[in-house]
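The structure under discussion appears below in the form of structure tokens.
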Number of protein chains: 2
Amino acid sequence: MGARIGLKDVALRAGVSVPTASRVLSGVQRNVDPELALRVRNACDELGYKVNAAARALRLQSTDSLAVVVPAIANAYFAELVSAYSRRLDLQGKRLVTIDTDESPEIEQRQLGAMDRALVDAVLVVPAAFERSGAAIAELARSHRVVQVDRRARGVEAPSVRLDNAAGVRLLVDHLRARGRRSILMVDAQEDSSSSIERTAAFRALAGPGDRVLDMPSFTVASGIDAAKLLLADPGDTDAIICTADIVALGLLTALQHAGKSVPTDYAITSFDGTYISDTAAPGLTTLGSTAERMVEASLALLCGGSGDVVLEPELVIRGSSG
Amino acid sequence: MGARIGLKDVALRAGVSVPTASRVLSGVQRNVDPELALRVRNACDELGYKVNAAARALRLQSTDSLAVVVPAIANAYFAELVSAYSRRLDLQGKRLVTIDTDESPEIEQRQLGAMDRALVDAVLVVPAAFERSGAAIAELARSHRVVQVDRRARGVEAPSVRLDNAAGVRLLVDHLRARGRRSILMVDAQEDSSSSIERTAAFRALAGPGDRVLDMPSFTVASGIDAAKLLLADPGDTDAIICTADIVALGLLTALQHAGKSVPTDYAITSFDGTYISDTAAPGLTTLGSTAERMVEASLALLCGGSGDVVLEPELVIRGSSG
DNA sequence: CGTGGCTGGGAAATGCATTTCCGAACCTAA
DNA sequence: TTAGGTTCGGAAATGCATTTCCCAGCCACG
């Protein structure tokens with residue numbers, strides 16, 4: 001019997017009706033005698049009443065929760081993105097369900113398929129892959145409001161927010177050329193993500209004969225270290241590097257320095273994300289500035305209505321790593 | 001009217017009863033004719049039926065979701081912790097609601113107070129402060145299953161998992177002394193968190209006359225940089241540093257190198273968290289190994305029952321930064 | 001032929017907050 | 001005093017999945 005405390009228990013204790021108690025707690029509808037309101041609030045305290053979130057969500061058809069699906073929360077870029085969402089949603093009294101897909105379309109598909117169990121009103125998703133994420137996200141979009149963030153997936157109608165990756169590549173390439181660099185290596189990862197596809201395509205379109213692309217498996221420090229080994233084993237004429245993530249650039253920078261190379265003298269290094277990493281590496285990384293705040297703002301706006309795609313303009317932040 | 005599709009619509013379309021449809025989807029209870037099961041599943045696909053999570057949660061009194069409340073998701077230590085939770089819970093078909101309190105007991109209190117709206121079965125919390133987080137967490141523990149992770153708060157009954165901070169400090173101090181360092185500076189932050197309190201207390205108990213403690217406001221790269229400035233302005237005899245977070249050590253290391261100091265020749269640097277940062281800094285940071293996995297395992301075990309506190313033993317990982 | 005063992009169906013209860021519909025009671029202004 | 005306005009209470013509907021109760025069929029085995 002007397003298991004959980006419901007609103008009717010509160011009403012009983014306060015000596016008021018259920019509708020009245022609800023009016024007090026919901027705060028709206030009609031005016032309530034302050035005396036009664038006080039009795040209701042006291043009853044809540046005394047009984048330790050907590051509104052049942054599931055019942056409330058069922059009735060109101062709304063949970064005040066969003067899901068954000070990122071490829072790797074341990075990647076500083078996505079951690080800063082999630083942090084920005086969290087801060088902004090806190091102000092709106094909403095909560096964030098975080099899903100880490102580990103850059104795997106399989107995990108992503110499983111998680112998105114289970115999203116109906118997740119009690120969220122909408123989903124912000126950074127698709128793991130361009131091709132292989134499409135089906136799961138399109139399916140999800142049939143039942144949920146979805147916005148694609150930072151990356152896109154093929155065949156998904158849902159609106160998206162992303163960086164103008166081609167413009168970003170152009171900024172970096174022009175900057176390196178202006179500094180007299182002749183031969184640029186692009187170190188990429190997650191090559192089947194839309195951002196990688198856009199970045200490598202833009203790079204190849206601008207590239208000269210000495211320019212190369214190196215694909216690493218993941219956005220990790222380890223990938224940067226491995227990339228450095230590969231570069232040192234086959235140095236070519238390379239005198240400048242564009243990493244598609246700060247975290248890879250960090251590993252690369254560290255490994256090159258360990259190998260006795262000087263940055264930026266031997267190699268100019270630049271990267272994309274603009275996380276705190278670029279600001280703290282030694283030397284600081286020339287990078288495209290952080291777009292997390294703008295991306296968060298735009299994607300939440302899209303959630304509240306509106307369709308179509310938002311493309312954010314990148315901005316070059318010059319630090320020591322490019323000379 | 002014909003708005004959302006419910007289970008009865010599926011049953012109708014499949015030409016079966018509601019209980020039968022439920023038996024098919026829930027998968028248990030009684031055997032169902034495979035023929036009927038197929039019809040039900042087809043009806044689901046055709047109608048695009050998604051179970052209503054709120055109704056399900058209301059009926060089953062369970063949401064398959066946990067909340068994890070961390071002081072700062074952008075701090076690599078907590079990002080790795082959240083990532084570890086996410087990976088483990090994914091395997092159990094559960095979801096994670098992430099709350100970022102920004103190291104603020106006020107935000108923490110507000111968020112925990114709203115936790116009943118959050119549709120979670122339990123809460124894993126890293127208290128922002130030892131003193132000022134107690135009330136809100138104790139209050140939350142009245143209505144939710146709570147486990148304190150990494151840090152504790154005063155007066156909370158909920159079980160906890162944490163590092164043996166005193167042992168960690170001892171490991172680092174002994175290591176630095178064994179390397180011939182005479183004068184150690186501990187750079188701390190969030191001094192009102194339980195881990196800070198334990199670490200500084202342990203340090204002071206072991207400290208000699210040349211040893212000092214410097215309190216910074218936050219676990220950020222910027223704090224490390226500021227600490228370096230303060231140190232250089234008042235160098236004393238300091239020849240070794242213990243940072244209570246990798247991320248602070250990173251800023252400190254970088255700033256000292258910028259100022260022309262050599263690590264480890266001029267300063268040996270050590271830190272606590274064992275995140276990927278310690279592995280990638282140049283030189284690598286001597287640190288206590290990562291306890292995220294063990295902490296996650298222990299805290300989830302506590303959630304499934306059991307009370308009391310789990311104290312994890314630290315392990316010293318020696319890298320170049322300590323000579 | 002009879003009985004135990006399965007499986008399906010219909011009706012209804014359960015979980016709980018929110019909200020609507022009225023009727024009853026009371027107060028104020030004309 | 002009367003008309004109009006305000007506020008509260010009781011009952012009930014709504015949102016939807018899950019599950020129980022029990023009654024019919026249908027099979028097979030004895």
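A, B, ... follow the sequence lines: proteins, then strands. Residue 1 opens every chain.
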For the helix from C:dC1-D:dG30 to C:dA30-D:dT1, what angle lies between the axis at the first five pairs and the axis at the last five pairs, to 10 degrees?
-> 40°

Spacing of A:Asp33 atom CG relative to C:dC26 atom P, expressed in whole Å = 14 Å

Side chain to side chain contact (heavy atoms under 4.5 Å, CB included) filter on A:Arg132, not counting sequence neighbours, yields A:Pro105, A:Glu106, A:Ala129, A:Asp192

Can you pull the salt bridge (charged side-chain N to carboxylate O under 4.0 Å, His left out) pairs that have at least one residue in residues 31-41 of chain A, sequence neighbours excluded?
-> A:Glu35-A:Arg39

Output yes when at least one side-chain N/O atom of A:Thr20 is less than 4.0 Å from OP1 or OP2 of D:dG9, else no.
-> yes

Closest of D:dG9, C:dT18, C:dG9 to the A:Leu7 side chain is C:dT18

Within this structure, what is the CD1-to-C1' distance between A:Ile5 and C:dC16, rounded to whole angstrom?
-> 13 Å

In whole angstroms, how far is the C1' atom of D:dA17 from the CG atom of B:Asp9?
-> 12 Å

Would A:Ser299 and A:Tyr85 count as having a side-chain donor-acceptor pair, cut-off 3.5 Å?
-> yes

Show me, pair by pair, the donor-acceptor contacts under 3.5 angstrom made by side chains of residues 112-125 of chain B, not counting sequence neighbours?
from	atom 1	to	atom 2	distance (Å)
B:Asp121	OD1	B:Thr63	N	2.9
B:Asp121	OD1	B:Thr63	OG1	3.0
B:Asp121	OD2	B:Thr63	N	3.1
B:Asp121	OD2	B:Asp64	N	3.0

To the nearest angstrom, the CG-P distance between B:Leu60 and C:dC16 comes to 12 Å

May I ask you to decide if A:Leu303's main-chain N or O and A:Arg145's side chain share a donor-acceptor pair within less than 3.5 Å?
-> yes

Will you find, in the side chains of B:Ser133 and B:Glu108, an N or O donor that is under 3.5 Å from an N or O acceptor?
-> yes

Take B:Asp309 and B:Arg162 through the test salt bridge (charged side-chain N to carboxylate O under 4.0 Å, His left out) and record every step on the way to the result.
-> CA-CA 8 Å; B:Asp309 297 345; B:Arg162 64 186 193 279; 3.8 Å; yes

Could you tell me the separation between the CG atom of B:Leu47 and the P atom of D:dC16, rounded to a whole number of Å?
-> 14 Å

Using a cut-off of 4.0 Å on non-hydrogen atoms, how would the nucleic acid contact of B:Leu25 be classed: base, sugar-phosphate, or nothing?
-> nothing

Of all pairs that satisfy salt bridge (charged side-chain N to carboxylate O under 4.0 Å, His left out), the ones with a partner from residues 68-78 of chain A, not counting sequence neighbours | none

Starting at atom CZ of B:Arg23, determine the distance to atom P of C:dT7, rounded to an integer number of angstrom.
-> 10 Å

Spacing between B:Leu12 atom CG and C:dG10 atom C1', to the nearest angstrom | 14 Å

Enumerate all atom pairs, one protein N or O and one N or O from nucleotides 12-15 of chain C, separated by less than 3.5 Å.
from	atom 1	to	atom 2	distance (Å)
C:dT14	O2	B:Arg59	NE	2.6
C:dG15	O3'	B:Gln61	NE2	3.4

Decide salt bridge (charged side-chain N to carboxylate O under 4.0 Å, His left out) for A:Arg294 and A:Glu297; before the verdict, give the C-alpha distance in whole Å, the side-chain angles of both, and the deciding distance to 0.1 Å.
-> CA-CA 5 Å; A:Arg294 282 188 288 159; A:Glu297 191 163 4; over 6 Å; no

